[in-house]
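A short write-up of the structure that comes next.
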Number of protein chains: 2
Amino acid sequence: MSTKSKILDAAEVLFADKGFNGTSLREITSQAEVNLAAVNYHFGSKKELIKAVMSRYMNELSPRLESALNVLCINEVQPTLIDVFSAFLEPLLHLNSFKDNGTSTFLQLLGRGYTDSQGFLRWFLTTQYPGVFTNFTQAVQRAYPELNAEEMFWRLHFTMGTIVFTMSSSDALIDIAQNDFDRQVDIAGVIKQVIPYVAAGVAAPIVR
Amino acid sequence: MSTKSKILDAAEVLFADKGFNGTSLREITSQAEVNLAAVNYHFGSKKELIKAVMSRYMNELSPRLESALNVLCINEVQPTLIDVFSAFLEPLLHLNSFKDNGTSTFLQLLGRGYTDSQGFLRWFLTTQYPGVFTNFTQAVQRAYPELNAEEMFWRLHFTMGTIVFTMSSSDALIDIAQNDFDRQVDIAGVIKQVIPYVAAGVAAPIVR
DNA sequence: CCTTAATTCAAACACCTGTTTAAAATAGCT
DNA sequence: AGCTATTTTAAACAGGTGTTTGAATTAAGG
């Protein structure tokens, strides 16, 4: 296994767990069992390492996501919001076969990226993977045409918040749920719970 | 104005803006125009300072919030979810008269606290201010009795995520919205938009 | 006014941060 | 084999971190 991969593997779980600011290069390199200088040699800087970690997931996710949303728009002239959000399920869960706990890790990273480092990751994602966003808003537009651009803007950000935030603390929440309700829960179960919630939220009656 | 207050005032806006990990004591003390050692003299440690910043807001918010939810449960035998979430509006907006941009700052701090520092703030809030949580779940229970404990658990955390996450990046989002839609938006406007969203989310049909 | 307590201050503490360097080791290629 | 380019390594770098210290200053009370 290459040094580059070892670093990425160690970095992604530490970043997901403790945030980008909260994780030092020394933690990463000792976890990965490589030399400290290897990060700067292979990636140039910590910031570039963060981008590389996110890119590895986005490159796996974004084509599947775009195509799932495309299929939806072709097959259904007016998909329901449940359809739209359900289209995320397969691509997201596929990350689990790409990597152990991949779905959970990726969503945690996404959550970190939105709050850590003053939103530079939001900039990175929207500029590097604009297709995902336009496809998504198009699908929602089709499902709920009465929503104007501004209302959609807010509701999509509320949705983003729900997903990302829940998932960024999903490990802790799953622990609590398993103790309190004595029931096996996994990330797929949580996603299936959240779909009706966000679908109903986006579909809420318009207040003007 | 006391040194203690000057520190708290400077700390809260820096914490809200850059996170707890992302803000150094030297930034705080130079912004507050006090000596570096004053933080450890007056608060003991950085961690205690964080608690003090949060406590100042929680002590202002929590009695108003508890009473608003109590009033709701007394007056209405079965409040709507809109009623329940609307009960948050006045107490939250009151923070604006307690402090400039108080509402926004507090919600940003809440968002930081949930993701920074591995959830120690969640522990702090749930153990120090349990009344808010029990009152809230009681009100939701009344409004939507069909929801069982586990479903409620998840939907309340989704709601928490929506609110906290949106608000923690509300400044950036408000900026975008003002540019894109050429419309004046403030924190109260965002809260009014988010209420129907979360109410509909919690009220979503149950999937079993 | 003098003494005692509370506060402020500059300086240093020990440690951690991301990054760079130059030598050593390894790999690939003819 | 020998030469070259790539990679790994230990060490140092310059600067930032939270915290502590002990002397200087200010405030309070008799």
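Keep in mind that this is a model prediction, so the values were computed, not measured. A note on names: the letters A, B, ... follow the listed sequences, proteins ahead of strands, and every chain is numbered from 1.
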**OP:** Check every atom of C:dG18, C:dA6, D:dT7 against the side chain of A:Leu25 and return the nucleotide holding the closest atom.
**Re:** C:dG18

Subject >> Any A:Val202 side-chain heavy atom under 4.5 Å of A:Leu147 side chain >> reply: yes

Original post:
OP1 or OP2 of C:dA10 less than 4.0 angstrom from a side-chain nitrogen or oxygen of B:Asn35, does that happen here?
Top reply: yes

Original post:
Do you know which two heavy atoms are closest between A:Leu92 and A:Thr103, and how far apart they sit?
Top reply: O-OG1, 2.7 Å

Subject >> side-chain N/O A:Asn40 vs C:dG18 OP1/OP2, d < 4.0 Å >> reply: no

**OP:** Please determine, for the side chain of A:Arg26, which listed nucleotide (D:dT19, C:dG18, D:dT7) has the closest atom?
**Re:** C:dG18

Original post:
When you check the gap from the basic side-chain N to the acidic O, do A:Glu60 and A:Lys99 get nearer than 4.0 Å?
Top reply: no

Original post:
Looking at B:His42, does any N or O in its side chain come under 4.0 Å of the phosphate oxygens OP1/OP2 on C:dT8?
Top reply: yes

Original post:
Can you tell me if the side-chain N/O atoms of A:Thr3 get under 4.0 Å from OP1 or OP2 in D:dT8?
Top reply: yes

Original post:
Between B:Arg183 and A:Glu150, does at least one N-O distance fall below 4.0 Å, as a salt bridge requires?
Top reply: yes

Original post:
Starting at NZ of A:Lys46 and ending at P of C:dT20, how long is that distance when rounded to a whole Å?
Top reply: 15 Å

**OP:** Please tell me which of the listed nucleotides, C:dT8, D:dT9, C:dT17, lies nearest to the side chain of A:Glu27?
**Re:** C:dT17

**OP:** Calculate the interatomic distance between A:Glu48 atom CD and C:dG18 atom C1'; express it in whole Å.
**Re:** 14 Å

**OP:** Just compare D:dT21, D:dT19, C:dT19 and give me whichever is closest to any side-chain atom of B:Ala37.
**Re:** D:dT21

**OP:** Return no unless some side-chain N or O of A:Ser24 is found under 4.0 Å from OP1 or OP2 of C:dT17.
**Re:** yes

